[in-house]
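None of these values were measured; they are calculated from a predicted model. For the numbers below, each heavy atom of this structure counts, side chains included, while hydrogens, waters and symmetry mates do not.
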Amino acid sequence: QALSFGASVAVIGFPSGIPLKIDTGGTVTSSRASTLDYFQATTDTFGGNSGSGVFDTNQKQVGVLVRGATDYVTSGSCTIVNVIQDCVSNCGEDSTYVHHAPAAVIDCTSSA
């Protein structure tokens, strides 16, 4: 089932050498309900977060983070964290719906 536009999501992972990063402030900006392949959300993640679990407010895993936005940008002579402003619709970072994982395992084991 597709997540609702504006639904709250959280990501838990271990990016960029950080021991643990939990972001509970993400919101769904595109559910891609017609394809159910992945959804976009305003999650705050870094390189190395790929594969991290994405959870709904009921603590149910709903996705796996697969593509993020640019992590760092240059400001003068400094490299700073990229903060995405005004992300409302069809923007953010991509997470594959988790229901694809069991189907992939079944496909792999049945063809072996």
Which atom pairs, donor and acceptor, lie under 3.5 Å between side-chain atoms of residues 6-26 and protein residues at least two apart or in another chain?
from: Ser16; atom 1: OG; to: Gly47; atom 2: O; distance (Å): 3.4
from: Lys21; atom 1: NZ; to: Asp44; atom 2: O; distance (Å): 3.3
from: Lys21; atom 1: NZ; to: Asp44; atom 2: OD2; distance (Å): 3.3
from: Asp23; atom 1: OD1; to: Gly25; atom 2: N; distance (Å): 3.1
from: Asp23; atom 1: OD2; to: Asp44; atom 2: N; distance (Å): 2.8

Any side-chain heavy-atom pair from Thr27 and Phe5 closer than 4.5 angstrom? no
Interatomic distance, Phe55 atom CZ to Ser95 atom OG [nearest 0.5 angstrom]: 11.0 Å
Does some side-chain heavy atom of Tyr38 sit less than 4.5 Å from a side-chain heavy atom of Arg67? yes
To the nearest 0.5 angstrom, please state how far the CG atom of Asp94 sits from the SG atom of Cys91. 10.5 Å
Any link between Leu3 and Leu36 through a network of hydrophobic side chains (Ile, Leu, Val, Met, Phe, Trp, Tyr) touching at under 4.5 Å? yes
Is there side-chain contact between Arg32 and Phe39, with at least one heavy-atom pair below 4.5 Å? no
Regarding Thr29 and Gln40, is there a side-chain donor-to-acceptor distance under 3.5 Å anywhere? no
Report the distance from atom OG of Ser4 to atom CG of Asp56, rounding to the nearest 0.5 Å. 10.5 Å
Close side-chain approach of Thr43 to Leu65, heavy-atom, < 4.5 Å: yes
Are Ile80 and Val73 packed together at the side-chain level, in the sense that at least one heavy-atom pair is separated by less than 4.5 angstrom? yes
Measure the shortest side-chain to side-chain distance between Tyr97 and Val64 over non-hydrogen atoms and say whether it is less than 4.5 angstrom. no
Please walk me through it: do Thr70 and Asn82 pass side-chain hydrogen bond (donor to acceptor under 3.5 Å, both in side chains)? CA-CA 7 Å; Thr70 300; Asn82 183 31; 4.9 Å; no
